[in-house]
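By convention in this document, chain letters (A, B, ...) are assigned in the order of the sequence lines, proteins followed by strands, and residues within each chain are numbered from 1.
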Amino acid sequence: MSSATERLSRKFIGAVEDEWPVYSDRAEDYILGPSIGYGASSTVYAATYHRRNPSQELPCAVKVLDLDTLPPKSLKLLQRETQLMSLSKHPNVLRVRGSWMEGHKLYIAMRLMKSGSAADVMRYGWPGGMEEEVVRCILKQALEGLNYLHINGFIHRDVKAANMLIDDDGTVLLGDLGVAASLSDEDDPLLTHNKDPTHRRTVNFGEGLVTPRRGGPTPARPVGKRRSFVGTPCWMAPEVINGTRYDSSADIWSFGITAIELASGRAPRSREAPGQALLHTVQEPPPRLDRVGGQYQYSKGFEEIVSMCLGKDPSKRPSAAQLLQTPFFRGAKKKSYLVGTILRCLPPISERQERLRQPTIMTRRSIDSWDFSATHPSSPTTSIYKRPSEGAFKLDDDAHGRTGSPVSARGRARESLSRAHSRNASFVSSEHDVDPIIEEKNDSSNPSSPDSNPLVSVPTVIDAEIRSSSPTPLDLPPPSQALEVPSRPDFASSPSSSSFGTTASAQSSGSPSLSSITPSSAGSHQGQAPAIVASSPSLWQKLKGSGGEESDQEKEAGRKEKKKGFVGRVLAKTTSRTYNAVASGACGVEHDYVNGWLRHLICRHLQVMNAHLYTTIAI
Amino acid sequence: MNFFKTKPRTPPDLVRGLRDAIPRLEAGPPGGETRRKANEEVSKNLQAIKGILYGDGDPVPEVVAQLAQETYNTDLLYHLVVNIAKFEFEARKDVVQIFNNLLRRQIGSRYPTVEYLCQKKEVIFAGFKGYENEEVALNTGMILREMLRHEPLCKILLYSEQFYMFPHYIETTTFGISCDVYTNLKECLTRHKPMVAEFLDKHYDRFFSSFTTLILSNNYVTKRQSLKLLGEILLDRANFNVMTRYIANEGNLKMMMNLLRDKSKNIQFEAFHVFKVFVANPKKPPQIETILRRNKEKLLVFLKNFHNDKEDEQFTDEKQFLIVQIQSL
């Protein structure tokens, strides 16, 4: 019998009684205590669960997420995370104990991991690294959890010390399945989230077909391999960075890096810029465990394990199951060993202030990052999960930050902006945000006023005009004042009841609408419905630039912008051009915005992925 | 030569062994020996079947064919889905993997399992009914999703009475499961476009009265997802007729105008993408136009201040288009 079949037919390691039962999904059963962690869109509280029968109080952690601040993509990831957690039952994998909604807030109850993550513990008490037995004990437990995930066809994709959570009894749980993926499930939000959104949102009243603006549907992928660019730079395997297909062995690489991290206090290349770290991972020999240079000394066996995991050829890396069979891990001490060695003198998690700022399982940073905000100047140790666009800007910011002022307010504002509207923020359209100065120039050099010919004017000009004349978001009047819609409760339950200015519905049975909609087409077919149907879509299309031909003005504007080198604006219009422009070396134009290494990476990805930029990369 | 080596069990052995063990899961007293043994038997056979289907390298086609045939003969898939809650936690995931593997099995352009399931509709409904049990809902949800990928199977659910259970399942389950139900509803309504367009056209009234309850749900996630899905359905070329009907209804317009003022920005934004269709319609029915005209000034003020912080070129263009349209009323 072959080894794989053997592995499959062996009894599941997860067939262990779960001593931590699911609590309940009722909000009233929980009492929230002090907050113990913050993320970009979530807060974690220490809490108690009040069991009714038999009456008992159990400590737990409750993560609260404001879903209204999450872009749709993150909502999907969150969904996946809770589902994967629910489908995992293993003593070394974090589980959901209950979840409920209140308004637009989602509450997730989990086991309270009183000591925080391995990274937290290390940072607090062993900044230079921990001794071998401790490292071995932590890794062994994490490996059990990882093995379970792998056997079940999941890839974790973000293995690192910050995602290994420790309880005060020494239990280590693998947490943060936020970017984990199932090898058999093709609905990876990382792959499908951007499937031609503009096309979908286009209104078309005509009969003609709309040409899709972005790449076609995701091609069928062989099950069992992935390509998304997901993870945290220093821990990412070369094949993930390269964009070649990868599987669970990518987690083994990250596991090897984590081993070094725990032994030396930090991940290799964690002091480099993220881009450098990525590039070096691909180009240079794999990092090694320094056996004697650090605070503690490490065995030859440990070093061998690390270098096995850090093989550049993924097929040569051992599986989690094989690693568990090695004498090194078989000989690991029981979990209680951690209690006497590292956990005993640890102050409670809420008192370790740094915890509040560090990304851990409890935060959603793996979703919202590149986070180069004030507390986190350029760090390759933060998870990334971004498309190249956003990555590019943030990195750009980062570059500014390192050369000039540490963190610009502009950068932060932009970040929050791009978070706020990630729906259509694609590689090109977010290029838009890069430099307001260029926008102003455009404004003045494109004097065509939207008033003169509103139906064919250049979209970007309208755009700029609106933005310059509009008040800041803060001045926005509350929506309820702007529109007088009666908000009687019965209205909500019955959409057909008429309370919205409908009394005069009968009197306009004529067809004044036909001529008033489209001045340019009104004359030709007054009152002739079919003709109007045929002609107005093109106007609609023109305005939106999503099909049909571009108007001359639009082309002209495009040329002007191109001269200025603002490639993003031009590309935003006809996305099909994007691929060619960027892939065929027009990257040079982007020079101002994207520094060298990222350009290199993007080009690489583009070459590899060809037209599927939007569906497969998630920088 | 090893005389003690047990003969490997053939696919019919495995399938029959599994099939026969299932009723025994509830035989004898709870926690009794019979049950424990039956459970072991189930898990063991599932593992072995999985081994055949996913085994190292290439699975042997003849063996797989034999296995598949035997599952059809014994209605194994039905029994697996119906009894999945009685299986152990890990065995449930094996059921999902086995089911989905068989479903994907292809001979030329034929999908034998799909053909089988078309004759055995109970399996589809049993998969759907899994949402009634929180314990297994995610497992059966995955099975259902795989079935919905196939147009004939999707069609069976769509045209069934059970289809209208979707809102109930979405509203009464917890976040993770509710999202799963939603994913499947979306799958139902967006994957096989021409078939769905025909369905929506035929069952317009019933479908939308049911769907409207989701849009008006008190659950934030449901509301937001439903609006988004509505936008997707209406803006799909295949659903042109459905869209025309939808945007001729003043009740729908009023609902969207109210949702434009929802306290959640995301819901406002999703509502915008439906509202725009009413306004962009070059053939607005009188009742629609009247409402818009009566609210012209308010709408203009509202739209000019609507989500100005969004730096999304397409959105801004569309908003401007709507302003122009409303101005010319």
Proximal component of Q327(B), with respect to chain A [non-hydrogen, under 4.5 Å]: neither
Side-chain donor-acceptor contact under 3.5 Å, E90(B) with Y148(A): yes
Side-chain (R224(B)) to main-chain (H104(A)) donor-acceptor, under 3.5 angstrom: no
Which atoms of N219(B) approach chain A - backbone, side chain, both or neither, heavy atom under 4.5 Å: side chain
Heavy-atom closest contact (N152(A) atom, Q97(B) atom, distance): O-NE2, 4.1 Å
Smallest separation among heavy atoms of L138(B) and S86(A), with atom names: CD1-CB, 3.6 Å
For chain A, the option from G176(B), G141(B), C179(B) that forms the most heavy-atom pairs under 4.5 Å: C179(B)
Crowding at NZ, K296(B) (>12 non-hydrogen neighbours, <6.0 Å): yes
Sub-4.5 Å side-chain heavy-atom contact between N139(B) and L87(A): yes
Verdict with reasoning, L67(A) to Y220(B), per side chain to side chain contact (heavy atoms under 4.5 Å, CB included): CA-CA 8 Å; L67(A) 300 183; Y220(B) 167 80; 3.7 Å; yes
Donor-acceptor pair, side chain of N266(B) and main chain of D68(A), under 3.5 angstrom: yes
K263(B) atom NZ, neighbour heavy-atom count above 12 within 6.0 Å: no
Any side-chain heavy-atom pair of F175(B) and L65(A) under 4.5 Å: no
